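All figures in this text were calculated on a predicted structure; none of them were measured in a lab.
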Amino acid sequence: YEQLPPYYESIDEYVRETQKNSPYAALDFLRSIAAYSLAEEQDGKFRCRFDRQVLFHFDHYDLRPYLSAIHCPSLIVRGKESRVMREEIAREMSVLIPHARFAEIEKAAHPVHIDNPIEFQKKVEEFLADI
């Protein structure tokens with residue numbers, strides 16, 4: 001996250017950057033996400049609408065001690081090629097959260113719902129049907 005540029009010269013530049021973390025996503029889908037993710041500045045450059053400071057601190061806290069307090073059925077979904085969520089951590093989460101299940105999706109990096117939306121929907125529907 002620290003290496004992301006503060007601005008993008010174009011929407012296509014943002015899409016190319018996003019493809020690095022969503023290698024299976026459809027280009028038209030990434031472009032539609034860009035419409036909600038970017039704000040055009042007066043100089044014509046595009047800035048992300050999210051708070052970059054949140055991302056800078058993303059890997060510096062441990063929520064595992066709190067996971068047992070989640071009491072609703074939960075589905076832990078991981079993209080098989082995720083560089084953000086390691087498989088052992090996702091599996092540990094599914095053990096620490098009562099009534100949780102683990103699902104790993106092929107042909108997906110971290111943003112599973114973007115990379116493989118059909119398989120993501122299938123796993124979520126199976127989970128909901130079971131609960």
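A heavy-atom distance below 4.5 Å is found between the side chains of S74 and I97. The side-chain heavy atoms of C48 and S37, taken from C-beta on, include no pair separated by under 4.5 Å. With contacts defined as side-chain heavy-atom distances shorter than 4.5 Å, the pair R64/L96 qualifies. A 4.5 Å side-chain heavy-atom check between P117 and I114 finds every atom pair outside the cut-off.
In terms of heavy-atom proximity, P98 sits nearest to L67 at CD-O, 3.9 Å. Minimum heavy-atom separation, S94 to A100: O-CB, 3.4 Å. The two residues M85 and M93 come nearest to each other via the heavy atoms CE-SD, 3.7 Å.
Between the side chain of N116 and the main chain of E106, a donor-acceptor pair closer than 3.5 Å is present. Listed for the R49 side chain is a donor-acceptor partner under 3.5 Å among the backbone atoms of L38. Not a single donor-acceptor pair under 3.5 Å links the side chain of S22 to the backbone N or O of A25. Within the 3.5 Å criterion, the main-chain N or O of G79 finds no donor-acceptor partner in the side chain of S82.
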Query raised in the report: Going through the distances and angles, do E92 and V95 end up as a side-chain contact (heavy atoms from CB on, under 4.5 Å)?
Result: CA-CA 5 Å; E92 181 181 9; V95 170; 5.7 Å; no
Requested in this report: For side-chain contact (heavy atoms from CB on, under 4.5 Å), just list the numbers for E41 and Y7, CA-CA rounded to whole Å, side-chain angles, deciding distance to a tenth of an Å, and then say yes or no.
Outcome: CA-CA 9 Å; E41 300 290 318; Y7 294 95; 3.8 Å; yes
Requested in this report: Begin with the C-alpha distance, continue with both residues' side-chain angles, and end with the deciding distance and a verdict on side-chain contact (heavy atoms from CB on, under 4.5 Å) for E81 and H110.
Outcome: CA-CA 7 Å; E81 298 177 34; H110 188 61; over 6 Å; no
Report task. Apply salt bridge (charged side-chain N to carboxylate O under 4.0 Å, His left out) to the pair K107 and E119, showing each step before the final yes or no. Result -> CA-CA 9 Å; K107 293 187 179 178; E119 194 62 28; over 6 Å; no
Query raised in the report: Which is it for D12 and R31 under the side-chain contact (heavy atoms from CB on, under 4.5 Å) test, yes or no, and what are the steps along the way?
Result: CA-CA 8 Å; D12 285 335; R31 284 190 185 95; 3.3 Å; yes
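At most 12 non-hydrogen atoms from other residues, nucleotides or ligands lie less than 6.0 angstrom from OH of Y36.
With values rounded to the nearest 0.5 angstrom, K80 atom NZ is found 14.5 Å from D115 atom CG. If you take CD on E126 and CD on Q121, they are separated by 11.0 Å, rounding to the nearest 0.5 Å. For the atom pair E40 CD and Q42 CD, the distance stands at 10.5 Å (nearest 0.5 Å).
For Y14 and Y8, the ring centers are positioned less than 6.0 Å apart.
By the salt bridge (Lys or Arg N to Asp or Glu O under 4.0 Å) test, E9 is found to be paired with K45, residues two or more places apart in sequence or in another chain being considered. Scored by the side chain to side chain contact (heavy atoms under 4.5 Å, CB included) test, E87 finds R78, R91, F102, E104 as partners (sequence neighbours excluded).
Applying the under-4.5 Å side-chain rule to Ile, Leu, Val, Met, Phe, Trp and Tyr, the cluster around V124 extends to L75, V77, I105, V112, F120, F127, L128, I131.
L27 and Y24 fall into different hydrophobic clusters, where Ile, Leu, Val, Met, Phe, Trp and Tyr are joined by side-chain heavy atoms under 4.5 Å apart, directly or via other members. Residues I89 and I70 share a single hydrophobic cluster, defined by chaining ILVMFWY side chains whose heavy atoms lie under 4.5 Å apart.
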